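Structure first, commentary second.
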Amino acid sequence: NHSANFEGTLLFHNYTSYVSWDGQLFTVDLASKKLTNLTTGWKNVKHTINGSFSSDGQYITFMGSQKDIEDWDVFVTHWNGSKWEEPVNLTGPNGKRDEDPKFSPITNKIIYKEDGVVATISLIGKPEYFAPGSMPYFMPDGKSYLFEQAGDIYLSHSNQISKMYSGDGLKSYYPIALNDKEFLYTRVQNSKHDGIMLGFTNGSKSVPYFFN
């Protein structure tokens with residue numbers, strides 16, 4: 001519907017390739033259509049990708065590297081009322097792959113992957129480590145989380161890990177919780193093209209979207 005009135009802010013990244021170290025973060029104000037390149041306003045970071053807003057919209061976490069090196073870390077930037085401030089490196093540089101950060105939907109806790117292990121960190125504090133995996137995403141309770149491991153999607157709930165439905169295709173990745181019963185994820189189809197799937201936390205069969 002081209003006449004729809006949208007509100008809010010869209011956060012996304014763009015790069016020439018994952019290994020090019022030239023990723024940039026952008027915001028789009030959906031009402032005014034104003035596009036802002038956040039990365040060009042920062043002095044000390046590069047290859048900024050996979051951004052996530054805090055629940056109150058006052059912070060953005062993302063993965064990137066300090067400008068003079070190539071070392072994945074988790075960063076956070078704060079909205080000071082007029083601009084996004086110079087980001088703070090929460091995890092390094094530490095020589096480890098700190099990737100895939102996502103804010104909790106209820107607190108300022110960030111879930112991410114460090115060298116193949118799911119971890120969480122607060123805006124001030126040390127990491128806590130959990131199960132092996134990548135691309136973690138908090139469920140609405142801020143405790144349970146979805147994650148990818150060896151091409152499948154898993155749910156960690158009350159210290160119990162359950163494998164979600166996969167079905168036809170080659171591998172799955174990047175789960176995104178919609179509510180406590182449903183989630184989106186990417187499934188590499190047998191054609192080797194990505195497809196977007198609707199998954200269910202009770203383990204029932206996923207549903208492909210019509211545009212796959």
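Predicted model only: the values in this text are computed from it and were never measured. Here, residue 1 is the first one in the sequence, and each next residue gets the next number.
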Under the rule for side-chain contact (heavy atoms from CB on, under 4.5 Å), what residues qualify as partners of Thr107, not counting sequence neighbours? Ser104, Lys109

Would you tell me whether Ser52 and Asn50 have side-chain atoms, one donor and one acceptor, within less than 3.5 Å of each other? no

Could you work out, with side-chain contact (heavy atoms from CB on, under 4.5 Å) as the rule, every residue matching Ser55, not counting sequence neighbours? none

What class does the angle between the rings of Trp72 and His47 fall in, given that below 30° is parallel, 30 to 60° is tilted and above 60° is perpendicular? tilted

Taking side-chain hydrogen bond (donor to acceptor under 3.5 Å, both in side chains) as the definition, give me every residue that meets it alongside Asn37, ordered by chain and number, with sequence neighbours left out. Gln24

Going by ring-ring contact (aromatic ring centres under 6.0 Å, His included), name the residues that satisfy it together with Tyr174, two or more places apart in sequence or in a different chain. none

Could you list all the salt bridge (Lys or Arg N to Asp or Glu O under 4.0 Å) pairs where at least one residue sits in residues 136-162, not counting sequence neighbours? Asp152-Lys163

Can you list, by chain and residue number, the hydrophobic cluster partners of Ile161 when the side-chain cut-off is 4.5 Å? Ile111, Val118, Phe130, Phe138, Tyr145, Phe147, Tyr154

May I ask you to test the Phe53-Ile60 pair for a side-chain heavy-atom distance under 4.5 Å? yes

Does Leu38 reach the side chain of Thr36, with side-chain heavy atoms less than 4.5 Å apart? yes

State, with a plain yes or no, whether a side-chain heavy atom of Glu99 is found less than 4.5 Å away from one of Ser134. no

Looking at NE2 of His13 and CE of Met63, how far apart are the two atoms once the value is rounded to the nearest 0.5 Å? 8.5 Å

Taking side chain as C-beta onward, heavy atoms only, is Leu155 less than 4.5 Å from Met164? yes

Between Asp194 and Thr186, do the side chains contain a donor N or O and an acceptor N or O under 3.5 Å apart? no

Sorted by chain and residue number, the side-chain hydrogen bond (donor to acceptor under 3.5 Å, both in side chains) partners of Gln58 (sequence neighbours excluded) come out as none

For Tyr112, is there any backbone N or O sitting under 3.5 Å from a side-chain donor or acceptor partner on Asp100? no

My understanding is that a hydrophobic cluster links ILVMFWY residues whose side chain heavy atoms are under 4.5 Å apart, including indirect links. Using that, what else belongs to the cluster containing Ile69? none

With sequence neighbours left out, write down each residue that passes ring-ring contact (aromatic ring centres under 6.0 Å, His included) with Phe62, or none if nothing qualifies. Trp42, Phe75

List the residues meeting ring-ring contact (aromatic ring centres under 6.0 Å, His included) with Phe210, not counting sequence neighbours, and say none if there are none. none

side-chain hydrogen bond (donor to acceptor under 3.5 Å, both in side chains) against Asn212, all qualifying residues, sequence neighbours excluded: none

With sequence neighbours left out, the residues meeting side-chain contact (heavy atoms from CB on, under 4.5 Å) with Asn94 are Asp71, Asp73, Thr91, Lys96, Asp98, Glu114

Within the side chain of Arg187, is there an N or O that forms a donor-acceptor pair under 3.5 Å with the backbone of Ser206? no

Heavy-atom side-chain contact between Asn190 and Leu170 under 4.5 Å: yes

Is there a side-chain contact between Val207 and Phe200, using heavy atoms and a 4.5 Å cut-off? yes

